[in-house]
**Student:** 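Mind looking over this structure? Questions follow.
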Amino acid sequence: MEGKGKVNGVAAMAACYQGFDPAAYLQYNYTPPRADFERKDSIVPWKLACLHRAFTEGDVRGELLVDIGSGPTLYQVLSGCEVFNKVLLTDFLEVNRQELRGWLEDEGGCNLDWTPYLQHVCKLEGRRPSAWTEKAAKLRQVITDIVPVDVHRPHPLALDALPSEGADCLVSCFCLESVSPDLAAFTRALGHIGRLLRTGGHLLLIGALGESYYFGGPGVRIPVVPLNEAQFEGERLHLIRLEVYTLPQDMRVGVDDVSGVFFVKAIKE
Ligand SMILES: C[S@@+](CC[C@H](N)C(=O)[O-])C[C@H]1O[C@@H](n2cnc3c(N)ncnc32)[C@H](O)[C@@H]1O
Ligand SMILES: O=[N+]([O-])c1ccc2c(c1)CN[C@@H](CO)C2
């Protein structure tokens with residue numbers, strides 16, 4: 001039986017997200033200075049480098065990559081789309097699934113130009129930046145669907161969303177700690193998504209360290225579970241690598257109180 005506090009906590013988080021504004025969120029976090037491809041110490045290039053290394057160092061392989069809590073962003077699968085021939089994007093909110101569909105259908109109308117991201121990842125791959133159009137086509141080709149997800153459910157996805165053995169790789173960025181009312185719910189949610197992964201599959205997590213809130217839109221203040229680097233033991237999840245980025249002062253732009261970003265690569269034993 002769910003404790004009363006837990007049910008209210010999860011319901012309260014869902015209520016917070018009703019005001020989430022994809023355009024504002026993209027503006028806050030995915031434009032300079034946090035996404036400045038000319039700056040070595042900008043956050044987004046650091047995240048893209050972590051993901052590029054993780055997907056290309058030879059141990060990550062298979063058919064299906066699932067991104068948990070995609071939001072309105074695509075950066076998290078720009079390297080993975082070259083390794084997997086099926087990519088499933090997921091989010092809790094229809095407004096975010098709609099934002100992603102807007103890009104997928106390539107009819108304009110999405111709130112961020114992903115070209116600099118595509119060009120940057122091509123550069124990481126040793127390709128000419130003009131190959132970004134090929135990468136965009138590749139990504140549009142491998143995205144199989146954009147579906148609802150709720151990490152607080154024991155089965156976060158629809159039962160027919162995955163093959164019976166589970167996904168070969170999961171990526172999830174700034175989701176679990178940003179949607180959970182407390183650390184216990186965070187740990188439960190980590191267990192729920194871990195069960196979506198096949199044995200021997202890899203989990204790539206990016207998230208906020210020391211963050212207690214962020215703005216998901218003008219006046220939309222969303223509480224966050226403040227994490228430190230030691231909180232990633234998940235059932236049957238074996239940590240391969242943890243990397244930490246500490247925000248320089250000018251990356252603190254008033255949209256949250258995040259102090260660091262973690263990257264975790266783990267394997268499900
Ligand atoms: C901080 S955003 C992260 C978006 C994106 N992954 C990124 O890296 O910027 C958190 C996302 O979690 C989604 N979300 C909210 N409640 C959720 C839940 N219960 N289960 C899964 N995702 C949820 C929100 O809709 C939002 O897109
Ligand atoms: O700097 N960034 O690239 C970046 C991207 C997304 C997010 C943050 C920072 C910090 N807040 C989280 C929500 O908890 C969302």
Side-chain angles (χ1 to χ4, degrees), residues 9-22 24-37 39 41-51 66-78 89-100 111-112 117 146-157 170-181 185-186 188-190 192-193 196 204-217 220-227 245-248 250-263:
V10 163
M13 289 308 297
C16 284
Y17 273 94
Q18 297 319 302
F20 188 87
D21 175 344
Y25 177 77
L26 290 167
Q27 175 62 33
Y28 297 161
N29 294 295
Y30 293 99
T31 60
R34 290 185 166 187
D36 183 341
F37 297 99
R39 277 187 61 168
D41 64 345
S42 183
I43 307 176
V44 167
W46 180 83
K47 298 196 288 184
L48 293 176
C50 289
L51 290 162
V66 180
D67 178 28
I68 299 293
S70 305
T73 67
L74 288 164
Y75 73 91
Q76 55 272 32
V77 291
L78 296 184
L89 303 179
T90 75
D91 200 71
F92 183 71
L93 295 174
E94 173 56 22
V95 283
N96 286 327
R97 298 193 297 267
Q98 196 45 46
E99 175 74 19
L100 294 172
N111 283 291
L112 190 80
Y117 288 73
I146 302 169
V147 297
V149 65
D150 182 349
V151 296
H152 299 308
R153 293 171 184 263
H155 299 285
L157 298 171
L170 289 185
V171 59
S172 185
C173 301
F174 297 108
C175 182
L176 302 182
E177 71 279 8
S178 310
V179 309
S180 298
F186 168 89
R188 275 196 307 277
L190 181 58
H192 297 159
I193 69 168
L196 299 173
L204 308 179
L205 283 181
I206 289 179
L209 292 172
E211 185 177 54
S212 68
Y213 77 91
Y214 81 102
F215 283 99
V220 183
R221 191 180 189 281
I222 297 175
V224 179
V225 179
L227 295 179
Y245 168 99
T246 301
L247 269 77
D250 64 352
M251 292 290 159
R252 300 171 195 238
V253 295
V255 297
D256 50 45
D257 62 349
V258 68
S259 60
V261 178
F262 66 81
F263 170 81

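Counting starts at 1 for both ligands and their atoms, in listed order. Quick note: numbers below take in every heavy atom, side chains included, and nothing from hydrogens, waters or symmetry partners.
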**Student:** Which residue owns the protein heavy atom closest to atom 5 (C) of ligand 2, what's the atom, and how far is it?
**Tutor:** Y30 OH, 3.3 Å

**Student:** Starting from atom 15 (C) of ligand 2, locate the nearest protein heavy atom and write down its residue, its atom name and how far away it is, to 0.1 Å.
**Tutor:** Y25 OH, 3.3 Å

**Student:** At a 4.0 Å threshold, what atoms of ligand 1 neighbour a non-hydrogen atom of T73?
**Tutor:** 5 (C), 7 (C), 8 (O), 9 (O)

**Student:** With side-chain contact (heavy atoms from CB on, under 4.5 Å) as the test, would you mind laying out the steps for T90 and V66 before giving the verdict?
**Tutor:** CA-CA 8 Å; T90 75; V66 180; 4.1 Å; yes

**Student:** Is it the side chain, the backbone, both or neither of N96 that has a heavy atom closer than 4.0 Å to ligand 1?
**Tutor:** side chain

**Student:** For ligand 2, which atoms, with element, lie under 4.0 Å from some heavy atom of D256?
**Tutor:** 10 (C), 11 (N)

**Student:** Provide the number and element of each atom of ligand 1 under 4.0 Å from a heavy atom of V149.
**Tutor:** 20 (N), 21 (C)

**Student:** Donor-acceptor pair, distance only, cut-off 3.5 Å: does the side chain of H192 make one with the backbone of P156?
**Tutor:** no

**Student:** Against heavy atoms of L93, which atoms of ligand 1 measure under 4.0 Å?
**Tutor:** 25 (O)

**Student:** Apply the side chain to side chain contact (heavy atoms under 4.5 Å, CB included) test between P223 and each candidate in S212, C16, P181, S180; give the one that qualifies.
**Tutor:** C16

**Student:** Hey, does V253 have a side-chain heavy atom less than 4.5 Å from the side chain of Y28?
**Tutor:** no

**Student:** List the closest protein heavy-atom neighbour of atom 10 (C) of ligand 1: residue, atom name, distance to the nearest 0.1 Å.
**Tutor:** F174 O, 3.4 Å

**Student:** Using the side-chain contact (heavy atoms from CB on, under 4.5 Å) rule, take Q27 and N111 through it: C-alpha gap first, then chi angles, then the decisive distance, then the call.
**Tutor:** CA-CA 9 Å; Q27 175 62 33; N111 283 291; over 6 Å; no

**Student:** Give the contacting part of Y17 toward ligand 1: side chain, backbone, both or neither, where contact means a heavy-atom distance below 4.0 Å.
**Tutor:** side chain

**Student:** Would you please determine whether M251 falls within less than 4.0 Å of ligand 2 on a heavy-atom basis?
**Tutor:** no

**Student:** Considering only the protein, which heavy-atom contact is closest to atom 19 (N) of ligand 1, and what is its distance?
**Tutor:** D150 OD1, 3.0 Å

**Student:** Using a heavy-atom cut-off of under 4.0 Å, does the side chain or the backbone of H152 touch ligand 1, or both, or neither?
**Tutor:** side chain

**Student:** Which heavy atom of the protein is the closest neighbour of atom 8 (O) of ligand 1, given with residue, atom name and distance?
**Tutor:** Y75 OH, 2.6 Å

**Student:** Within a distance under 4.0 Å of any heavy atom of S178, pick out the atoms of ligand 2 and give their elements.
**Tutor:** 13 (C), 14 (O)

**Student:** So is Y28 touching ligand 2 or not, going by heavy atoms under 4.0 Å?
**Tutor:** no

**Student:** A side-chain contact here means heavy atoms from C-beta on lying under 4.5 Å apart; do F20 and I222 qualify?
**Tutor:** yes

**Student:** Among protein heavy atoms, which lies nearest atom 20 (N) of ligand 1, and at what distance?
**Tutor:** V151 N, 3.0 Å

**Student:** Check ligand 1 against G71 and write out every atom of the ligand that is under 4.0 Å from a heavy-atom position of the residue.
**Tutor:** 4 (C), 27 (O)

**Student:** Could you check V149 against V147 for side-chain contact (heavy atoms from CB on, under 4.5 Å), going step by step and ending with a plain yes or no?
**Tutor:** CA-CA 7 Å; V149 65; V147 297; 6.0 Å; no

**Student:** Considering heavy atoms of the protein only, find what lies nearest to atom 13 (C) of ligand 1 and give residue, atom and distance to 0.1 Å.
**Tutor:** D91 OD1, 3.4 Å

**Student:** Heavy-atom pairs closer than 4.0 Å: do any link ligand 1 to the side chain of V179, the backbone, both, or neither?
**Tutor:** side chain

**Student:** Considering non-hydrogen atoms of the protein only, which is the closest contact for atom 11 (N) of ligand 2, and what is the distance?
**Tutor:** E211 OE2, 2.7 Å

**Student:** Identify the closest protein heavy atom to atom 22 (N) of ligand 1: which residue and atom is it, and at what distance?
**Tutor:** C175 SG, 3.6 Å

**Student:** Answer whether the closest heavy-atom distance between the side chains of Q18 and V220 falls below 4.5 Å.
**Tutor:** no

**Student:** Taking N or O atoms only and a 3.5 Å limit, does Y25 qualify as a polar contact for ligand 1?
**Tutor:** yes

**Student:** Can you confirm whether I68 sits close enough to D91 that some side-chain heavy atom of one is under 4.5 Å from a side-chain heavy atom of the other?
**Tutor:** no

**Student:** Tell me, which protein residue and heavy-atom name are nearest atom 7 (C) of ligand 1, and how many Å apart are they?
**Tutor:** Y30 OH, 3.3 Å

**Student:** In a check of side chain to side chain contact (heavy atoms under 4.5 Å, CB included) between Y245 and each of L209, V261, I206, which one passes?
**Tutor:** V261

**Student:** Hey, are D256 and R34 close enough for a salt bridge, meaning a charged N less than 4.0 Å from a carboxylate O?
**Tutor:** yes

**Student:** Tell me which protein heavy atom sits closest to atom 8 (C) of ligand 2, plus the residue, atom name and distance to 0.1 Å.
**Tutor:** N29 OD1, 3.6 Å

**Student:** Would you say that P72 contacts L26 through its side chain, given a criterion of any heavy-atom pair below 4.5 Å between the two side chains?
**Tutor:** yes

**Student:** Does V171 reach the side chain of C173, with side-chain heavy atoms less than 4.5 Å apart?
**Tutor:** yes

**Student:** Out of E177, R252, K47, who is nearest to atom 3 (O) of ligand 2 when you count heavy atoms only?
**Tutor:** K47

**Student:** Tell me, do L170 and L204 make a side-chain contact under 4.5 Å, heavy atoms counted?
**Tutor:** no

**Student:** Any idea which part of S70 is under 4.0 Å from ligand 1, heavy-atom wise: side chain, backbone, both or neither?
**Tutor:** backbone

**Student:** Determine, for Y75 and K47, whether the Lys NZ or Arg CZ falls below 6.0 Å from the six-membered ring centre while staying within 45 degrees of the axis.
**Tutor:** yes

**Student:** Can you pull out the closest protein heavy atom to atom 23 (C) of ligand 1? Residue, atom name and distance to 0.1 Å, please.
**Tutor:** F92 CB, 3.3 Å

**Student:** Are the side chains of F37 and V44 in touch, meaning some heavy atoms are under 4.5 Å apart?
**Tutor:** yes

**Student:** Among all protein non-hydrogen atoms, which one is nearest to atom 1 (O) of ligand 2, and what is the separation to 0.1 Å?
**Tutor:** I43 CD1, 2.9 Å

